[in-house]
Amino acid sequence: MVIGANNAAKTVSKVARAAPAKPSFFGPKVKRAELVDMTSQLAIMTRAGVDIASALESLVRQCTSPVLREILEEVHESVLGGKSVSESMANYGHVFDQTYVAAMAAGEATGRLPDVLVQLADLLRNDMRLRNSVRTMLAYPILLSSVSGLVLLALILFVLPKFADIFADFDAPLPAITQFLITVSSELRTRLWLWGPLMLSCLTAAILFKRSTSGRLLWDRFSLTAPVISKVTRALLIGRVCRLLGIMIESGVPLLDSLRLARASVKNSLYKELFVELEDDVMNGRGLSKALLASEFIPGSAGEMVVTAEKTGTLGMVTQMIGQHYEEEGEAKLKEFVAFLEPVITVVMGFLVAVIVMSVMLPLFDLSSAAKG
C-alpha cells in the first residue's frame, strides 16, 4: 500500500511538471459529455465498494462511444498488468488532461479515490454547463450581426447599382453620401478579384497574429482590461482557477503541484505569469499573499480570503467556495453584457441600413421635385 501511495505521489509531481498535451484537431475525439458520464459512473461504482479494475471492466461493457471504449479497454488492461489508474490514464493526455490524471493519482495516494471522482465529475459537469451557457447566450448576437452584415452587403452590391443606373440616365447631381456609396459599390463589383482575396488575407493575418505570442499577450491584456468585457472575463477566470485549485488541494495534491496544474490549464498568458510568481513564492517559503495581493487582475477580497485560508489551513475548501461564487458572478455579468449587446447591434445595423436607404431616397426626392417643377 505504501509503495502504491509513493508511486501515485510521484505520478502527481510528474504530471504537474509535464507539458500539456496538444489538442488533436484531426481524428476521433471523446466528447465532453461522454467523459462526464464516464467519470460519474466510475464515482458511483467505486463509492459502492466496487474495485477500480471491475469498475473499468463494467464501463467498457456499457460504453457506447467506440473511441472511449477502446481507451477504457487499454486502461483496464494496463491496470490488470499492475499499473495504477492514473499512470494508465496519463498515456491518453488528449482525453484525460493533467488535472484529471493528477487528481486521480492524489486520490489513489490518499485512499480517497471515490471522493476525488465525485469532485472531478462535478468540475467537468460545471465546466460543460458554463461553456454551453456562453455559447447559447452569444449565439443570438453573432447570428444577428451575421444576418445584418449580409443584408448590408446585398444592398451595396445588388440594390444600389440598380438605382445608380437610374440616376445616371437623368444625369442629376447626387448627394455626397450617395456618390460615395455608389463608388464603393462599383469598386467592389468591378474589382472583387482584388478585394476578396485581400480581405481574406487580412482576416488570416489577424488570426495568425492572435495565435502568436505577442498577439496572444495583447488579446489577453485587452480581455482583462476592456471596460465591459473585463468584468466578465476576470470573474470567469478567477472562478475557474479557484475551483480547480480547491479540488486539487482537497484531493491531496501538494500546493506547488496544484499551482503548476492550474497554470497549465489556464489559457490567459497574464494569469500564467501570475502563477509563475505564485510558484516561485511558494518554493521560497513566502506563501501566496505577496503575488495575490499585488496582482491587478485578482479582486482584493478574493486575495484576502485566499491568504486567510492559507494561514488557517482551509485553502482547499475556501478556494472552492470562491471559485463557485465568481463563476456564478461571471455568468450573471455575461447575461448582462449580452442583454446590453443585442440592442446595440440592432441600433448600429439599423443606422447603417437607414444610411443606405437615405442615400437612395434623397436623389429620388430631388428627381421627383425636378419633374414637378
Asker: Assigning hydrophobic clusters by single linkage (Ile, Leu, Val, Met, Phe, Trp, Tyr; side-chain heavy-atom cutoff under 4.5 Å), is I298 placed with L293?
Answerer: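 I298 and L293: separate clusters.
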Asker: As a quick check of understanding, evaluate side chain to side chain contact (heavy atoms under 4.5 Å, CB included) for S65 and K31, giving each step before the final call.
Answerer: CA-CA 9 Å; S65 168; K31 296 180 180 178; over 6 Å; no
Asker: Does CZ belonging to R191 count more than 12 external heavy atoms closer than 6.0 Å?
Answerer: no
Asker: Side-chain contact test, heavy atoms from C-beta onward, threshold under 4.5 Å: evaluate it for R69 versus P66 and give yes or no.
Answerer: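 The answer is yes, as the side chains (C-beta and beyond) meet within the 4.5 Å cut-off.
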Asker: Any heavy-atom pair between the side chains of K272 and V276 that's under 4.5 Å?
Answerer: no
Asker: Counting N and O atoms only, with roles assigned by atom type, does the side chain of R112 sit under 3.5 Å from a partner on the main chain of E250, one being a donor and the other an acceptor?
Answerer: yes
Asker: Should the pair R243-D127 be classified as a salt bridge under the 4.0 Å nitrogen-to-oxygen rule?
Answerer: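 Salt bridge absent between R243 and D127.
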Asker: Do M199 and L203 have side chains that get closer than 4.5 Å, going by heavy atoms?
Answerer: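 With C-beta onward as the side chain, the pair stays apart.
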Asker: Are any of the side-chain heavy atoms of F297 and T225 separated by less than 4.5 Å?
Answerer: yes
Asker: Which pair of non-hydrogen atoms, one from V85 and one from E108, has the smallest distance, and what is that distance?
Answerer: N-OE2, 3.0 Å
Asker: Do you know which two heavy atoms are closest between S185 and L157, and how far apart they sit?
Answerer: OG-CA, 4.2 Å
Asker: If you draw a 6.0 Å radius around CE in M321, do more than 12 non-hydrogen atoms from other residues or ligands fall strictly inside?
Answerer: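 Open: at most 12 neighbouring heavy atoms sit under 6.0 Å from CE of M321.
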Asker: Crowded around R221 CZ? As in, over 12 foreign heavy atoms under 6.0 Å?
Answerer: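 Atom CZ in R221 is not packed in, count stays at 12 or less.
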Asker: May I ask whether I249 and V266 are part of the same hydrophobic cluster, defined by side-chain heavy atoms of I, L, V, M, F, W, Y residues being less than 4.5 angstrom apart, directly or through others?
Answerer: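 Per the 4.5 Å side-chain linkage, I249 and V266 are co-clustered.
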Asker: Examine V50 and V60 and state if one hydrophobic cluster contains both, with Ile, Leu, Val, Met, Phe, Trp and Tyr joined whenever side-chain heavy atoms are less than 4.5 Å apart.
Answerer: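 The answer is yes; both residues are in one hydrophobic cluster.
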Asker: Quick one: do L80 and I71 end up in the same hydrophobic cluster if we chain Ile, Leu, Val, Met, Phe, Trp and Tyr together by side-chain heavy atoms under 4.5 Å apart?
Answerer: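 As far as the 4.5 Å side-chain criterion goes, I71 and L80 are not connected within one cluster.
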Asker: When rounded to the nearest 0.5 angstrom, what distance separates CG in L56 from CD in E73?
Answerer: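 Between L56 CG and E73 CD, I get 11.5 Å after rounding to 0.5 Å.
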Asker: Which heavy atom in Q119 sits nearest to a heavy atom in I247, and how many Å separate them?
Answerer: O-CD1, 3.7 Å
Asker: Please give me the minimum heavy-atom distance between L68 and M38, naming the atom from each residue.
Answerer: CD2-CB, 4.1 Å
Asker: Using only atom types and a distance under 3.5 Å, with no angle test, would you say the side chain of N268 pairs donor to acceptor with the backbone of L270?
Answerer: yes
Asker: Between K267 and D220, is there a salt bridge with N-O shorter than 4.0 Å?
Answerer: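 Between K267 and D220 there is no salt bridge, as every charged N stays at least 4.0 Å from the carboxylate O atoms.
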Asker: Report yes or no: does S145 contribute a side-chain atom to a donor-acceptor pair with the main-chain N or O of P141 at less than 3.5 Å?
Answerer: yes
Asker: So, the side chain of S265 versus the backbone of A262: is there a donor-acceptor pair under 3.5 Å, distance only?
Answerer: yes
Asker: Mind checking whether V118 and D122 have side chains closer than 4.5 Å, heavy atoms only?
Answerer: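 Side-chain contact under 4.5 Å: no.
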Asker: When you look at OH of Y92, are more than 12 heavy atoms from neighbouring residues, nucleotides or ligands closer to it than 6.0 Å?
Answerer: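 Yes, the 6.0 Å shell around OH holds more than 12 heavy atoms from other groups.
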Asker: Are any side-chain N or O atoms of T233 and backbone N or O atoms of S223, one a donor and one an acceptor, separated by less than 3.5 Å?
Answerer: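 Yes, T233 side chain to S223 backbone: donor-acceptor pair under 3.5 Å.
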Asker: Ignoring hydrogens and geometry beyond distance, is a side-chain donor-acceptor pair present between R129 and N126 at under 3.5 Å?
Answerer: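 Yes, side-chain donor-acceptor contact under 3.5 Å.
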Asker: Check whether S359 reaches the backbone of I356 with its side chain - one donor and one acceptor, N or O, closer than 3.5 Å.
Answerer: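 Between the backbone of I356 and the side chain of S359 there is a qualifying donor-acceptor contact (under 3.5 Å).
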